[in-house]
Protein chains: 2
Amino acid sequence: MKLSMMSIAVIFLFLGFSPAVEAKQYFKMQDGELQRPEGYREWIYIGTPVTPNDMNNGKAAFPEFHNVYIDPDSWKHWKKHGEFREGTILIKELVSVGSKAAVSGSGYFMGEFIGLEATIKSKTFFPDEPGNWAYFSFSAPDHGALKATATAFPTESCNACHAAAAKQDFVFTQYYPVLRSVQ
Amino acid sequence: MKLSMMSIAVIFLFLGFSPAVEAKQYFKMQDGELQRPEGYREWIYIGTPVTPNDMNNGKAAFPEFHNVYIDPDSWKHWKKHGEFREGTILIKELVSVGSKAAVSGSGYFMGEFIGLEATIKSKTFFPDEPGNWAYFSFSAPDHGALKATATAFPTESCNACHAAAAKQDFVFTQYYPVLRSVQ
């Protein structure tokens with residue numbers, strides 16, 4: 001088959017200017033396991049709570065800074081509709097406290113990455129979870145190398161707190177000013 | 001003039017696939033003033049120190065959380081070369097402490113946006129500043145509405161601390177694990 005120049009021009013037109021038909025999914029489930037997400041530090045940052053060990057009897061539930069991100073397409077959806085789309089993934093990257101004093105004052109300053117967690121809203125993968133949210137951790141004991149895959153926590157492990165205290169759709173939006181700023 | 005189909009195909013090829021010739025500048029100086037940047041919450045997040053008022057005698061120098069971002073093209077340059085390019089802009093968005101306790105533990109949780117600061121490295125605009133960095137604040141007294149423009153601080157206001165304590169090129173990279181992670 002010989003393509004005419006018109007066909008080629010149409011192909012370039014299509015490649016260059018067609019809108020995406022379907023929103024992208026930023027995670028991969030395989031054999032019931034979530035593959036560790038990558039590239040999330042270039043997603044949209046939404047907020048950082050800090051629960052330092054020294055304010056939690058030496059053993060914080062989530063040590064210590066938690067940098068939270070949302071995937072770019074779910075961010076666009078949130079800005080437009082004020083809700084989390086099917087396929088939303090939120091990342092919680094854990095960072096140690098590296099220092100408690102700097103020239104800017106006393107406080108908490110970030111040290112090293114020590115853990116990685118994720119939550120995904122998917123009716124397809126988690127039809128029976130409340131709000132279709134499932135929760136994962138790639139963190140290793142003693143803050144060693146992250147795991148390559150993770151299985152979802154049992155519902156009761158995470159959902160009790162999220163159901164009771166999160167402001168919107170099981171997400172703690174009250175602590176994420178970037179999310180609140182576009183509502 | 002009648003364009004041949006070959007010309008049209010070549011034009012589409014050029015539009016769709018040519019690399020950017022020049023890196024984008026993410027700030028605008030006008031009449032010696034920096035126009036308040038926008039869209040920075042979709043840039044690359046690099047870290048959040050928190051210097052709460054209650055750890056600084058009720059009056060922190062930089063209240064209280066400081067979300068720090070780098071513009072996307074300077075991030076690409078940093079990843080590749082490990083240095084801040086000409087035209088780098090870093091944003092420091094100030095956020096109040098909204099809460100000190102949550103179901104996840106005791107700590108500091110973000111409240112409202114209360115201020116905006118920026119620093120820019122530019123030989124063109126700031127040839128006489130150390131490292132060519134100039135510093136700006138759009139914050140208003142009592143955390144009111146942000147100013148639309150800002151003039152650079154006198155060199156001694158900001159640079160003394162940055163020169164003395166920042167780890168690389170007047171930037172406190174030691175507190176920004178996202179920057180350190182790609183070096």
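In the text below, chain A, chain B and the rest are named by the order of the sequence lines, each starting its count at 1. Atoms considered below: every heavy atom in the structure, side chains included; atoms not considered: hydrogens, waters and symmetry mates.
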With only heavy atoms counted, which part of Val50(B) is less than 4.5 Å from chain A, the side chain, the backbone, both or neither? both

Within residues 57-64 of chain A, contacts to chain B at heavy-atom distances under 4.5 Å involve Ala61(A), Phe62(A)

Quick check: does any side chain N or O of Asn56(B) sit under 3.5 Å from a backbone N or O of Gly105(A), one acting as donor and the other as acceptor? no

So how far is it from Ile91(A) CD1 to His66(A) NE2, rounded to the nearest 0.5 Å? 14.5 Å

Side chain, backbone, both or neither: which part of Tyr175(B) has a heavy atom under 4.5 Å from chain A? both

Does any heavy atom of chain B fall under 4.5 Å from the side chain of Tyr69(A), the backbone, both, or neither of them? side chain

Mind ranking Ser181(A), Ser99(A), Gly98(A) by heavy-atom pairs under 4.5 Å with chain B and telling me who comes out on top? Ser181(A)

Applying the 4.5 Å side-chain criterion to the ILVMFWY set and letting contacts propagate, would Phe138(B) and Trp133(B) be lumped into a single cluster? yes

Determine the option with the most heavy-atom pairs under 4.5 angstrom with chain B, choosing from Phe109(A), Tyr45(A), Phe65(A), Tyr176(A). Tyr45(A)

With a 4.5 Å cut-off on side-chain heavy-atom distances among I, L, V, M, F, W and Y, is there a chain of contacts connecting Val68(A) to Leu34(A)? yes

Does the Lys NZ or Arg CZ of Arg36(B) fall within the cation-pi geometry relative to Phe27(B) - under 6.0 Å from the ring centre and within 45° of the axis? no

Chain B shares the most heavy-atom pairs under 4.5 Å, among Met110(A), Met55(A), Glu93(A), with Met110(A)

Could you tell me whether the side chain of Asp71(A) and the main chain of Ile89(A) form a donor-acceptor pair under 3.5 Å? yes

Applying a strict 4.5 Å limit to non-hydrogen atoms, the region of Val178(A) in contact with chain B is both

Among residues at least two apart in sequence or on other chains, which ones pass side-chain contact (heavy atoms from CB on, under 4.5 Å) with Ala165(A)? Phe172(A), Val103(B)

Which atoms of Ala102(B) come close to chain A, meaning under 4.5 Å heavy atom to heavy atom: side chain ones, backbone ones, both, or neither? both

Using only atom types and a distance under 3.5 Å, with no angle test, would you say the side chain of Asn132(A) pairs donor to acceptor with the backbone of Phe126(A)? yes

Any idea which of Gly47(A), Ser106(A), Ser104(A) has the most non-hydrogen atom pairs under 4.5 angstrom with chain B? Ser106(A)

Residue part contacting chain B, namely of Tyr108(A), when any heavy atom lies under 4.5 Å: both

Using atom types as modelled and distance alone, determine if a side-chain donor or acceptor of Glu117(A) lies under 3.5 Å from a backbone N or O of Tyr135(A). no

Checking Trp43(A) side chain against Ile44(B) main chain: does a donor-acceptor pair fall under 3.5 Å? no

Taking the basic N atoms (NZ, or NE/NH1/NH2) and the acidic carboxylate oxygens, is any pair closer than 4.0 Å for Lys121(B) and Glu129(B)? no

